[in-house]
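Shown next, in structure tokens, is the structure this report addresses.
Counting from 1, the numbers follow the sequence of the chain as shown.
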Amino acid sequence: MLHHVMFDIDGTLVQTSSIDNKLFAEAVKEIIGVEIDTNWLNYRHVTDTGILSEVLERNELLEQEADIQRRVKNNFIDKITTRLEKYPAREVPGAISFINHLISLDNVRVSFATGGWYEVSALKLKSAGFTVSKEAVASSNDHFIRTEIMKLAKAKFPDIPDHARTYFGDGAWDKRACEELGLNFVLVGNN
């Protein structure tokens, strides 16, 4: 029987959650002048696009959403690039060898479903030493709702039943999404 294993990225594969949160907040503040709450549990959709959309809604800036999303994303990419040039990302211990092992198995399919923007996630993965094809990643570029992002990752392997799908994540939002979609969930870390 085939199995599908999906991975979150920040905090699950790369140790970048704290710096990611800080730089995301800085990028938002620089573009719209608003200090944001970085407790992601206070947002409906814990994805880069979803959080920023909610911040814009709270500050009555939705009319400019497309432009602001683009500008914040570009600012965030610049900040992450600069940070990673000085301080390369580190893998969560054993993550690369674990993924490589899964990929080597004939009955396992691997994908990535992240609430981060693809460009930012790709920079962090590359910096930490991962080799991941764009086709294997569903991200906040694709949708602002985590469960929809995970559905896109599932769609890469449509013949695998949900009971044979497992998601590795580090956040309460990952667990809730798995419960909603009927997927197995493995907690990484101690969140």
Side-chain angles (χ1 to χ4, degrees), residues 1-17 19-21 24 40 43-51 73 76-77 80 84 88-191:
M1 178 163 118
L2 285 176
H3 297 275
H4 178 198
V5 182
M6 289 185 273
F7 291 91
D8 179 36
I9 294 175
D10 287 299
T12 301
L13 299 178
V14 291
Q15 299 177 27
T16 51
S17 292
I19 193 62
D20 188 77
N21 298 349
F24 183 84
W40 305 140
Y43 293 89
R44 291 184 304 266
H45 304 292
V46 185
T47 66
D48 288 351
T49 304
I51 290 167
K73 181 180 181 180
F76 189 34
I77 290 168
I80 288 289
L84 293 175
R90 292 180 295 142
E91 73 170 306
V92 168
I96 292 173
S97 61
F98 181 55
I99 288 176
N100 289 341
H101 173 71
L102 290 175
I103 290 170
S104 76
L105 300 174
D106 291 336
N107 66 331
V108 176
R109 304 297 178 262
V110 174
S111 69
F112 306 86
T114 178
W117 282 310
Y118 172 77
E119 297 85 350
V120 175
S121 298
L123 287 167
K124 292 182 274 189
L125 286 169
K126 183 178 179 184
S127 175
F130 289 86
T131 303
V132 175
S133 72
K134 184 174 184 174
E135 295 75 34
V137 181
S139 71
S140 195
N141 289 34
D142 303 310
H143 209 283
F144 69 99
I145 299 174
R146 184 168 299 274
T147 51
E148 295 302 316
I149 294 167
M150 292 168 74
K151 285 177 188 177
L152 291 167
K154 282 176 44 175
K156 295 174 187 305
F157 308 105
D159 297 334
I160 299 176
D162 286 348
H163 72 271
R165 296 180 194 269
T166 302
Y167 186 85
F168 284 73
D170 70 315
W173 44 85
D174 296 319
K175 183 178 182 203
R176 276 193 309 271
C178 287
E179 288 169 354
E180 186 176 324
L181 295 174
L183 306 178
N184 301 305
F185 176 69
V186 176
L187 176 66
V188 175
N190 59 1
N191 284 341

Which pairs count as ring-ring contact (aromatic ring centres under 6.0 Å, His included) when at least one residue sits in residues 126-148, sequence neighbours excluded? His45-Phe144

Walk me through it: do Leu187 and Phe185 pass the test side chain to side chain contact (heavy atoms under 4.5 Å, CB included)? CA-CA 6 Å; Leu187 176 66; Phe185 176 69; 3.8 Å; yes

Let me confirm one number: the CG-OH distance from Asp48 to Tyr118, rounded to the nearest 0.5 Å. 14.5 Å

Kindly say whether Ala138 contributes a backbone atom to a donor-acceptor pair with the side chain of Lys156 at under 3.5 angstrom? no

Side chains of Thr47 and Trp173 in contact at under 4.5 Å (non-hydrogen atoms): no

Could you tell me whether the side chain of Glu91 and the main chain of Leu13 form a donor-acceptor pair under 3.5 Å? no

Hey, does Val120 have a side-chain heavy atom less than 4.5 Å from the side chain of Asp20? yes

Can a side-chain donor-acceptor contact be found between Trp117 and Thr49 if the only test is distance below 3.5 angstrom? yes

Taking the side chain as C-beta and beyond, is there a heavy-atom pair between Leu181 and Asp162 under 4.5 Å? no

What's the verdict on side chain to side chain contact (heavy atoms under 4.5 Å, CB included) for Asp10 and Lys124, showing C-alpha distance, side-chain angles and the deciding distance? CA-CA 9 Å; Asp10 287 299; Lys124 292 182 274 189; 2.7 Å; yes

Nearest 0.5 Å, what's the CZ-CD1 distance between Phe24 and Ile80? 11.0 Å

Atom pair CD1 (Ile9) and CG (Asp170), whose distance is rounded to the nearest 0.5 Å: 11.0 Å

Heavy-atom side-chain contact between Asp159 and Leu2 under 4.5 Å: no

Drop me the distance from Asn184's CG to Cys178's SG, to the nearest 0.5 angstrom. 8.0 Å

From Ile51 CD1 over to Tyr43 OH, what is the distance, rounded to the nearest 0.5 angstrom? 6.5 Å

Only pairs under 3.5 Å count here: list side-chain donor-acceptor contacts from residues 93-102, not counting sequence neighbours, and write none if there are none.
{"residue": "Ser97", "atom": "OG", "partner": "Gly94", "partner atom": "O", "Å": "3.1"}
{"residue": "Asn100", "atom": "ND2", "partner": "Ile96", "partner atom": "O", "Å": "3.4"}

Can you confirm whether the side chains of His4 and Ser111 place a donor and an acceptor under 3.5 Å from each other? yes

Would you find a donor on one side and an acceptor on the other, under 3.5 Å apart, between the side chain of Ser127 and the backbone of Ala89? yes

Lys151: what forms a side chain to side chain donor-acceptor pair (under 3.5 Å) with it, not counting sequence neighbours? Glu148

Between the side chain of Arg165 and the main-chain N/O of Ile160, is any donor-acceptor distance below 3.5 Å? yes

Gap separating the CG atom of Asp8 from the CE atom of Met150, nearest 0.5 angstrom: 9.0 Å

Side chain to side chain contact (heavy atoms under 4.5 Å, CB included) between Val14 and Leu125, intermediate numbers included: CA-CA 7 Å; Val14 291; Leu125 286 169; 4.3 Å; yes

Candidate pair Arg146 and Glu180, rule side chain to side chain contact (heavy atoms under 4.5 Å, CB included), full reasoning: CA-CA 11 Å; Arg146 184 168 299 274; Glu180 186 176 324; over 6 Å; no

Between Leu105 and His3, is there a side-chain heavy-atom distance shorter than 4.5 Å? no

